[in-house]
Q: 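So that we are looking at the same thing, I have put the structure below in structure tokens.
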Amino acid sequence: MGKIFLAKTNKGLSFAAFVKDHNWLDEITDFFKKRDILLDHNENKFRLEKNLFDNYFKGKKESFHSLPIDFISGTPFQRKVWLETRKIPFGKIGTYKSIAHKLNHRGYRSIGQALSRNPLLIVIPCHRIIGSDGSLTGFGAGLEVKEYLLRLERGEASA
DNA sequence: TACATAAGAATAG
DNA sequence: CTATTCTTATGTA
């Protein structure tokens, strides 16, 4: 399916996304640079994460709830949305509207906006959020990925 | 303050 | 019923 770029602080995982191309990596590294976060290329530190993702892509109900995460970016609102999204159980889906409702918000669109900036793909299952009519509205990493992930959770994955 | 948004609702076909 | 357009609210820079 592709490679996944992971980044973590000493507090927890802070970034996870599919690697697009080299240029994309530059942007990410730049992102961390601006925050004075040094990147240490040490894959050994990601044993746990790797294992979790491995489970997930095997179709196991990995919720990542045990994985410590660290929001290096994000406004209070975004975090609320992310945390709420994270509560969605494996295999289930939610709508922007439902999230908004839980947060006592009327800003459906803002939910999507927050999710679009989700730095923790999969860990925060933004792919489980779809439009109120059941349509896949959008996805940062590409709708293909979203579709794939949803099928994966339905047990129809084909890698 | 102005811009952008992964939505929604409404309308037309 | 589906496709298309328009509207509105909210977050962010």
Side-chain angles (χ1 to χ4, degrees), chain A residues 1-9 11-37 39 49 52-53 56-57 59 61-65 67 69-159:
Chain A
M1 196 48 201
K3 292 185 179 181
I4 294 180
F5 174 85
L6 298 176
K8 67 188 290 188
T9 65
K11 293 179 184 174
L13 195 66
S14 53
F15 195 91
F18 283 101
V19 177
K20 295 177 184 176
D21 49 46
H22 195 274
N23 193 41
W24 178 86
L25 268 180
D26 281 344
E27 291 182 23
I28 300 303
T29 49
D30 198 53
F31 173 84
F32 284 98
K33 237 179 190 175
K34 288 179 181 177
R35 286 169 177 68
D36 292 317
I37 298 175
L39 293 178
E49 287 79 1
L52 290 178
F53 277 95
Y56 180 85
F57 284 106
K61 295 185 179 182
E62 183 54 66
S63 62
F64 294 96
H65 283 193
L67 184 66
I69 56 180
D70 179 27
F71 295 124
I72 53 176
S73 71
T75 63
F77 173 75
Q78 288 179 336
R79 296 183 186 194
K80 278 200 295 184
V81 175
W82 294 339
L83 289 176
E84 195 60 46
T85 304
R86 207 181 170 206
K87 291 179 185 174
I88 299 176
F90 190 100
K92 281 207 170 186
I93 57 173
T95 64
Y96 297 90
K97 202 173 183 179
S98 67
I99 299 291
H101 190 265
K102 281 186 178 181
L103 299 178
N104 287 320
H105 264 268
R106 276 180 293 178
Y108 330 111
R109 314 179 69 165
S110 305
I111 304 295
Q113 193 175 29
L115 289 176
S116 72
R117 300 190 176 180
N118 168 26
L120 294 167
L121 188 67
I122 298 175
V123 179
I124 293 174
C126 51
H127 57 272
R128 291 183 200 145
I129 308 296
I130 60 178
S132 59
D133 62 345
S135 61
L136 308 186
T137 47
F139 198 60
L143 283 175
E144 297 176 354
V145 179
K146 188 169 184 175
E147 232 180 293
Y148 171 82
L149 293 173
L150 287 175
R151 283 201 314 176
L152 175 69
E153 302 195 357
R154 289 193 321 221
E156 301 174 14
S158 56

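Throughout, a chain's letter reflects where its sequence line sits, starting with A, and its residues are numbered from 1.
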Q: Look at the rings of Phe5(A) and Trp24(A) and say which category their plane angle falls in: under 30° parallel, 30 to 60° tilted, over 60° perpendicular.
A: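 Plane angle over 60°, so perpendicular.
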
Q: Quickly work out the Tyr108(A) OH to dA4(B) P distance and round it to whole Å.
A: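 Distance check: Tyr108(A) OH to dA4(B) P gives 23 Å.
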
Q: From CH2 of Trp82(A) over to P of dA6(B), roughly how many Å is that when rounded to an integer?
A: 15 Å

Q: Give the rounded distance in Å between these two atoms: NZ of Lys80(A) and C1' of dG11(C).
A: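 Rounded to whole Å, this separation is 12 Å.
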
Q: Taking OP1 and OP2 of dA6(B), is either one under 4.0 Å from a side-chain nitrogen or oxygen of Lys97(A)?
A: no

Q: Can you tell me the distance, in whole Å, between the CZ atom of Arg117(A) and the C1' atom of dT10(C)?
A: 12 Å

Q: Within the modelled atom types, does a donor on one side and an acceptor on the other bring the side chain of Tyr96(A) and the base of dA6(B) under 3.5 Å apart?
A: yes

Q: Give Gly138(A) one of three labels, base, sugar-phosphate or nothing, depending on what nucleic acid heavy atoms sit under 4.0 Å from its own.
A: base

Q: I need the CZ-C1' distance between Phe77(A) and dA9(C), as an integer number of Å.
A: 11 Å

Q: Donor-acceptor pair, Lys97(A) side chain versus Tyr108(A) backbone, under 3.5 Å?
A: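 Not confirmed, Lys97(A) side chain does not pair with Tyr108(A) backbone.
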
Q: Mind calculating the distance between CZ (Arg106(A)) and C1' (dA9(B)) to the nearest angstrom?
A: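 Going from Arg106(A) (CZ) to dA9(B) (C1'), I get 15 Å.
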
Q: Report which part of the nucleic acid Ser132(A) touches: base, sugar-phosphate, or nothing (heavy-atom distance under 4.0 Å, all strands).
A: sugar-phosphate

Q: When the distance from CD of Gln78(A) to C1' of dA6(B) is rounded to whole Å, what number comes out?
A: 14 Å

Q: What stems, by residue range, does DNA chain B take part in, given at least 3 consecutive Watson-Crick or G-U pairs under 3.5 Å?
A: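 DNA chain B forms these stems: B:1-5 with C:9-13, B:7-13 with C:1-7.
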
Q: Under 4.0 Å between a side-chain N/O of Thr137(A) and OP1 or OP2 of dA7(B), yes or no?
A: yes

Q: Show the numbers, then the answer: is there a side-chain contact (heavy atoms from CB on, under 4.5 Å) between Ile99(A) and Leu115(A)?
A: CA-CA 11 Å; Ile99(A) 299 291; Leu115(A) 289 176; 5.8 Å; no

Q: Within the 4.5 Å heavy-atom criterion, are Arg117(A) and Ser73(A) side-chain neighbours or not?
A: no

Q: Measure up the Tyr56(A) and Phe90(A) rings against each other and bin them: parallel (under 30°), tilted (30 to 60°), perpendicular (over 60°).
A: perpendicular

Q: As a test of understanding, state which of Phe15(A), Trp82(A), Phe77(A) forms a ring pair (Phe, Tyr, Trp, His ring centres under 6.0 Å) with Phe71(A).
A: Trp82(A)

Q: Nearest to the side chain of Phe139(A) - dA6(B), dA9(C), dA7(B)?
A: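 The answer is dA6(B), which lies nearest to the side chain.
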
Q: Rounded to whole Å, how long is the line connecting atom CD1 of Ile130(A) with atom P of dA6(B)?
A: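 The answer, rounded to whole Å, is 17 Å.
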
Q: Please confirm whether any donor atom in the side chain of Arg109(A) sits under 3.5 Å from an acceptor in the base of dT8(C), or the reverse.
A: yes

